[in-house]
Every structure is written in structure tokens, then in C-alpha cells.
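We name chains A, B, ... by the order of the sequence lines, and we start the count at 1 in each one. Just so it is clear, the values below take in all heavy atoms, side chains as well, and ignore hydrogens, waters and symmetry mates.
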Number of protein chains: 2
Amino acid sequence: MILSRTSQYAIQALIYVTTRPRGEPVLNREIAEHLGVPAAYLAKIMQTLCRSHLLDSFRGRLGGFCLHENAEKTDLMQILLLTEGAGFTDTCLLGLKVCSDETACPMHSRWKPIKEKVVLLLKEQTLEKLALAVQSGKYRITDLPHAAMNPP
Amino acid sequence: MILSRTSQYAIQALIYVTTRPRGEPVLNREIAEHLGVPAAYLAKIMQTLCRSHLLDSFRGRLGGFCLHENAEKTDLMQILLLTEGAGFTDTCLLGLKVCSDETACPMHSRWKPIKEKVVLLLKEQTLEKLALAVQSGKYRITDLPHAAMNPP
DNA sequence: TTGATTCAGGACATGCTCATCCTTTACAAA
DNA sequence: TTTGTAAAGGATGAGCATGTCCTGAATCAA
């Protein structure tokens, strides 16, 4: 299961915003620098997240992005439906256009329960839970600094 | 989990060749027509499968592709390591370059067991088993004909 | 030897994702 | 009102996966 960079950036950015104090807009530049992702590209993603009402945006001085009302209850499945498109979880492993219980590829019966586990997992992980995990210090949403990745 | 078209075509073609009588070369054109995939593109994929010794190729009249000695014991994991590249199963859901038991993203601990299930599944599915499933008539590796997909 | 057939392989075209750049619009403080 | 700041949005480009085309090399039959 490999998500598009767009989805990965979206999830990372949303978690980061959720870790920040509610009501204080967070700058796109700050998010991009913190995550180590291209700011101009992230800006486009933030735009679509605003249009999907997961974020609110404010222009000008004191501007930035805030989590929309109750958006911390959003789960990963909802986010991925936006960024990957509907039906991203009911794809056939072999790429068949129609692969269902009635007429299937030879992997279908074993692949389906795994997909179901994935969907359950994505649905139970909310921004709130993920942000808490990051705030605990045990987990991270950014790459390690270069020094830690290339020890001398 | 979405595989590249290249991987999907490779798996489909290998299963198809496995369903055919051993020792009788199968034409690239025949495979492409049967699977409904572009012949020129498939030819490139068949080439790499030959270089990986999953197939043998023969030119000229009576030419075509045969399954290499014992290649019917090949499992999907081995095929995907060739087509998707090594390490395609140990990627982080959020895209982190380093995400291990020691230092991880907040999804790691729940994502890892799912990845392990996927790997086990891919390793137990051999071309032989998949070809038998297709030959039984219960499963298919090609798209339904248009009529069946767009009923009147 | 010639011709037909089939794979090998390079060059090229296309489409999508990822990414950048620049101008416009909105907003707040001075 | 002016100035600085930040998001909105359009245009454009880079890179890779996908797909096409054409020529060459191998093989077999006539």
C-alpha cells in the first residue's frame, strides 16, 4: 500500500496543525519547513483541504491555517478519500476493472480480508489520536535530521 | 496497495503462460490480445522477465515465450521484487525515510502487522497455484467483455 | 539463399504526479 | 491610506510510468 506524496503530505500537515494550539493560525511556510516538504506544493494541498472543510484559511497578517470545527475527529479514511479519490480501497490487485465476490481474480478471496483490515485501521485513526501520539514524543511525522540518518 | 501496471501485466502474463502447455512457445501477440493489454508495452515487460530468468524466449517461426525451468514455483513476492524494486514492502505509510521499531511514525505499530500479512500472502501464491485456479474456470486474469460490463 | 516470422532494443510520444513561479486578492497594523 | 504579509490561483516545467514505432537480429521453411 503506497500512498501518493500528496496524501502523505496532507496527512502529515493535518497532524501537525492538530498538534498546535487551536485558534492560532499556522503558516504554510512553518508547516513546510517543519515537515521538510516543498512549500509551494504544500500550499496547493492545503487549498484543497480548505475546500474540503478540514481546514480554515486566513489571509494577510496573522493569517495561516486552522483546523476546522471538529475536524480533529476526522479519520485517515476520510482524508484519503479526498486525496486518493473514491474507491481507492476497492481496487483489484491484478488491476481487473471488475473483481467482486461473484466474478474475481485468483487473488480476490485472500486479498479482500486484508483490504478490510486496512480500511478498519484507517477509520479508527483520527487526527486527534495521531496528534496525541506525536505530542507524547514517542512518534514523529518528520524525517530524522541528516546527522541521525548518516551517523559518522 | 496499488501495484504498477507493469507489475499487473507481468503477473497476468506469467499466469497466462503457466496455464498453457509447457514447451510450446506462446506468442507475445497472443498474450497481449488475450489479456487486452498493449502488445508493444507488454513486449518490454516480457523482455525483463526473460532477463530475470522467469521466461525463455525464442525468435523466428515457432518462436515465442516459455516458462523457464521450475519457474512455476515462483511466488508473487519474487515477481514484485523484480517489477516494483527491492524494499517495496518496507515503506512507511506516511512516507518517512526511516520508520522502524526504534523510531517510527504514529501508524507504524499498527501498519507493520498488515504489511507482514501481505508479504505472507504474496509468498504463498505461486504461479502454479494461480494458474490452476484460473484453469478451474472459477477465476480470471482478464477483464470481462464489454457486454458483460455494460449490460443493456 | 530468400522470405516470413518473432523477439530485441533504441528512439520517441503521451499523460500524470510532483513541483515551481508569478500575479492577484484579502487582511491587519501603522 | 499605505504598507507588509499570507493565502488563492493560474501558468509552466521536471520526471517518471506508460505506451508507440521502427529497425535490427535470430530462426525456420521453402
Counting heavy atoms from C-beta on, name the nucleotide in D:dT18, D:dC28, C:dC7 closest to the side chain of B:Ser4. D:dT18
Can you tell me which nucleotide in D:dT20, C:dA8, C:dC18 comes closest to the side chain of B:Ala40?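 Out of D:dT20, C:dA8, C:dC18, the nucleotide with an atom closest to B:Ala40's side chain is D:dT20.
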Rounded to the nearest Å, what distance is computed from the [atom1] atom of residue [X] to the [atom2] atom of nucleotide [N]?
{"X": "A:Leu49", "N": "D:dA8", "atom1": "CG", "atom2": "P", "answer": "11 Å"}
{"X": "A:Met46", "N": "D:dA6", "atom1": "CE", "atom2": "P", "answer": "14 Å"}
{"X": "A:Glu84", "N": "C:dT17", "atom1": "CD", "atom2": "C1'", "answer": "11 Å"}
{"X": "A:Tyr9", "N": "C:dC18", "atom1": "OH", "atom2": "C1'", "answer": "8 Å"}
{"X": "B:Arg29", "N": "C:dC7", "atom1": "CZ", "atom2": "P", "answer": "8 Å"}
{"X": "A:Glu30", "N": "D:dA7", "atom1": "CD", "atom2": "C1'", "answer": "15 Å"}
{"X": "B:Phe58", "N": "D:dT27", "atom1": "CZ", "atom2": "P", "answer": "10 Å"}
{"X": "A:Leu27", "N": "D:dA6", "atom1": "CG", "atom2": "P", "answer": "5 Å"}

How is A:Ala43 classified with respect to the nucleic acid when contacts are heavy atoms under 4.0 Å: base, sugar-phosphate, or nothing?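 The residue A:Ala43 makes no contact with any strand.
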Would you say [N] has OP1 or OP2 under 4.0 Å from some side-chain N or O of [X]?
{"X": "B:Tyr41", "N": "D:dA17", "value": "no"}
{"X": "A:Thr6", "N": "C:dT17", "value": "no"}
{"X": "A:Arg5", "N": "C:dT17", "value": "no"}
{"X": "B:Ser57", "N": "C:dT6", "value": "no"}
{"X": "B:Gln47", "N": "C:dG9", "value": "yes"}

Assess whether one donor atom and one acceptor atom, taken from the side chain of A:Arg59 and the base of C:dT25, lie less than 3.5 Å apart.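 Checked by distance alone, the answer is yes.
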When the nearest nucleotide of DNA chain D is assigned to A:Lys44 and to A:Gly60 on a heavy-atom basis, which residue is associated with the more 5' position?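 In this pair, the answer is A:Gly60.
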Go nucleotide by nucleotide along DNA chain D from the 5' end; which of A:Gly63 and A:Arg51 gets its closest nucleotide reached first?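 Closest to the 5' end, via its nearest nucleotide, is A:Gly63.
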How are the rings of B:Tyr41 and B:Tyr9 set relative to one another: parallel (under 30°), tilted (30 to 60°) or perpendicular (over 60°)?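 Plane angle over 60°, so perpendicular.
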Could you check whether any side-chain N or O of B:Glu84 sits under 3.5 Å from a backbone N or O of B:Ser4, counting only pairs where one atom can act as donor and the other as acceptor?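 Looks like yes, one N/O pair under 3.5 Å.
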Measure the NZ-CG distance between B:Lys44 and B:Leu49 for me, rounded to the nearest 0.5 Å.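 Rounded to the nearest 0.5 Å, the NZ-CG separation comes to 14.0 Å.
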Once rounded to the nearest 0.5 Å, what's the spacing between atom CG of B:Leu42 and atom CZ of B:Arg5?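 That separation rounds to 13.5 Å.
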Whichever of B:Asn28 and A:Leu62 has its nearest DNA chain C nucleotide further upstream toward 5': B:Asn28
Is the shortest side-chain heavy-atom distance between B:Leu121 and A:Met107 below 4.5 Å? yes
